[in-house]
Number of protein chains: 2
Amino acid sequence: MVDVARTAGTSQKTVSRVVNAEPGVRPETVERVQRAIAELGFRRHDGASHLRRGTSTASIGLVLEDLAGPFYAALTAGVERRAREHGYLLLTGSADGDAERAGRLVQAFAARRVDGLLIAPNLVGDEVLTANLPPDVPAVLLDRPSADHGTDEVLSDNTGGIAQAVHHLAERGHRSIAYLGDDERFWTSRQRRDGFLAACAERGLPTDGLVSLGALTPERIAAAVSGWTAAGVTAVVTGNNRASVALLHHLHERTGPRLAHVGFDELDLADLLDPPLTTVAQDAAGIGSAAVDLLFERLATPTLPPRSVVVATRLVVRRSSPPPDGASAPPDRFDR
Amino acid sequence: MVDVARTAGTSQKTVSRVVNAEPGVRPETVERVQRAIAELGFRRHDGASHLRRGTSTASIGLVLEDLAGPFYAALTAGVERRAREHGYLLLTGSADGDAERAGRLVQAFAARRVDGLLIAPNLVGDEVLTANLPPDVPAVLLDRPSADHGTDEVLSDNTGGIAQAVHHLAERGHRSIAYLGDDERFWTSRQRRDGFLAACAERGLPTDGLVSLGALTPERIAAAVSGWTAAGVTAVVTGNNRASVALLHHLHERTGPRLAHVGFDELDLADLLDPPLTTVAQDAAGIGSAAVDLLFERLATPTLPPRSVVVATRLVVRRSSPPPDGASAPPDRFDR
DNA sequence: CTGAAAGCGCTAACAT
DNA sequence: ATGTTAGCGCTTTCAG
């Protein structure tokens, strides 16, 4: 910038004025400065500008579990879009199941003076927050709740979504519905299981022995399913897309009575499967943009009490969830 | 930091030494400073540190077309992982098909003084580079070539991958193979078409009227397919996953002679389709990490001539590509 | 309308 | 082993 000033024959301050489009510079001077800028290929150093101004860096950090999964990818896209609308840049990092790595990311983002943090790694506990989050950096938790509800959070309507699935199946005549969930360490696995139990209880449906959480190994799934079919189960709800895919693989290869299936979380090719899979679709991008909104509101009003936003799910009925064999249920229209 | 120094009763410089773990500070002093740091909740301002040091910001910027697609998501994950291994942070942004937005992202990243840029928006032309990229910011193009080969680039082996598909089908006895590609504006669409033509020529297979590029509307696809089947086509190669999905939708609903199908680009649920889809899998994460490697090599040795890295594809044979009806081709083993 | 001086938070280069 | 001074690139403050 000194060079530009020298070339333009003005003071550094005047160059600064031009660069920042401040009023009160003679058009002719502006012209001269801009020529010098172009000639020297000058670009303002945003970091120095932020430092002197003491303003925010206009950036936010996003800590994820794994950038590559479809849910996280859609979520990230939602975050990035909304952040960009506000003129903010996005820093991203994956924890890959490692709490220490998640902690380092939080610290690195904080050291760069991001304006806020969005934290979504679902395998990592709250220690990421308590141990690494400086008290003056606002954060929003995504897809997992804050243990003491002292932090803003955005969640899917897990309970409601599972209830949609259960009610859908019950209305079609299923009286014995099972729940297959992913690893119990995922908060969403447990939350959706609880939603399943509640929805079944509400309908007076049995759940004894019909709920299975854990690692999605073929063996465990085979055992669970064979137990369920022996017990007269006619429909299964899967608790996330990993569970859905695992069950689909199993059903693909086994023989036996047909099982209706509703999967939590949308699959990209759900409508090309045979049969097309009925799903409870989450609004991943909506979760992301809601989190950004929450963050900006907190930046504007730091004294706000912690809030919790629940994003609705949507039941997408396809053909994997027909009435049970021999049911005299509703007319035969299962397409969307 | 001044506050820490005051509290610890030392000079600011000593605090700096402690923060940066520089040698030559008495353990006892270190202790005292660290207590003050903890007490005041001090965190070093990385931006100020970089400014004074004149060092890099240890960050790279990634400009994508759309963060949410599976290919870009996997690519981003590859980039982020490799960047993190080097202690670098990643800034991401989506262009969403808008060249101007891509340009603004490039400028914003450059103004933040990222050490380098990774540029992948496949709908945007080279104007993003020429108009917005400062000459002193190294960049690597991903999944599209540099027009004048003046920039480092990482590409999938599009030609080889398509050849794998064609040879695979030809070896199973197909003599009339068609190519369905996405919009011609995508460089990859054209590149893969050219690869298709070359592979067919090499095998002596006809291609006249068997190649169709354009928007993936149901109408266009229906017209192309019906023309092809009338002309005796027994197999179709699709040029990207959007084309694959579009063709799958079409085949799903139409009746008519069976068509073998090989799709370029892996689909998440390819093996759960009916029939499971044979694909040419791209190594998206590998492309991402290769690009980061290229960038770091250029940062280390700026005088390197521009390089082009081609990442291999892998043919994943499933059941959508059997020999044509009535062929006396190879034994009937189509599983992976 | 323009400029000189001071300083954001930090560290290099010299003292001591 | 520790402190002092100066300055990274920019913008604020105040004076012309």
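Residue numbers begin at 1 in each chain, while the letters A, B, ... track the order of the sequences.
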remark   = Among D:dT11, C:dT11, D:dC10, the one nearest any side-chain atom of B:Ser16 is C:dT11

inquiry  = Taking CZ in A:Arg185 as the centre, count heavy atoms belonging to other residues, nucleotides or ligands within less than 6.0 Å. Is the count above 12?
reply    = no

message = Check this for me: B:Arg307, atom CZ, are more than 12 non-hydrogen atoms of other residues, nucleotides or ligands nearer than 6.0 Å?
response = yes

Without decimals, in angstroms, what is the distance between [X] [atom1] and [N] [atom2]?
X	N	atom1	atom2	value
B:His45	D:dG9	NE2	C1'	13 Å
A:Glu22	D:dT11	CD	C1'	8 Å
B:Asn20	D:dT2	CG	C1'	16 Å
A:His50	D:dT12	NE2	C1'	16 Å
B:Leu51	C:dC10	CG	P	11 Å

note = B:Ala108 and A:Leu89 have their tightest heavy-atom pair at CB-CD2, 4.1 Å

note = Nearest heavy-atom approach of A:Glu80 to B:Gly93 is OE2-CA, 3.1 Å

Evaluation steps, side-chain hydrogen bond (donor to acceptor under 3.5 Å, both in side chains), between A:Ser146 and A:Glu153 = CA-CA 7 Å; A:Ser146 146; A:Glu153 63 191 25; 4.6 Å; no

query = Do A:Arg112 and A:Thr57 come within less than 4.5 Å of each other through their side chains, counting heavy atoms only?
reply = no

task = Find out whether B:Leu155 and B:Asp143 are in side-chain contact, i.e. whether some heavy atom of one side chain is under 4.5 Å from a heavy atom of the other.
result = no

ask   = With distance as the sole test, does B:Thr301 use its side chain to make a donor-acceptor pair with the main-chain N or O of B:Thr303 at under 3.5 Å?
value = no

message = Just to be sure I understand the rule, does A:Arg43 reach a base, reach only the sugar-phosphate, or reach nothing, if contact means heavy atoms closer than 4.0 Å?
response = sugar-phosphate

inquiry  = Categorize A:Gly54 for me: base, sugar-phosphate, or nothing, with a 4.0 angstrom heavy-atom threshold over every strand shown.
reply    = nothing

remark   = Judged by nearest nucleotide, the residue sitting upstream toward the 5' end of DNA chain D, B:Arg53 or B:Val25, is B:Val25

message = Return whichever of B:Arg26 or A:Asp46 has its heavy-atom-nearest nucleotide of DNA chain D closer to the 5' end.
response = B:Arg26

query = Is a salt bridge present between B:Glu39 and B:Arg35, judged by a nitrogen-to-oxygen distance below 4.0 Å?
reply = no

Expected rows: protein N/O vs nucleotides 4-7 of chain D N/O, under 3.5 Å:
| residue | atom | partner | partner atom | Å |
| --- | --- | --- | --- | --- |
| D:dG7 | N2 | B:Arg52 | NE | 3.4 |
| D:dG7 | N2 | B:Arg52 | NH1 | 3.2 |
| D:dG7 | N3 | B:Arg52 | NH1 | 3.1 |

task = Mind running a 4.0 Å heavy-atom check of residues 27-36 of chain A against DNA chain C and sending the residues that fall below it, in number order?
result = A:Thr29

query = So does A:Ser49 get a side-chain nitrogen or oxygen closer than 4.0 Å to the phosphate oxygens (OP1/OP2) of D:dT11?
reply = yes

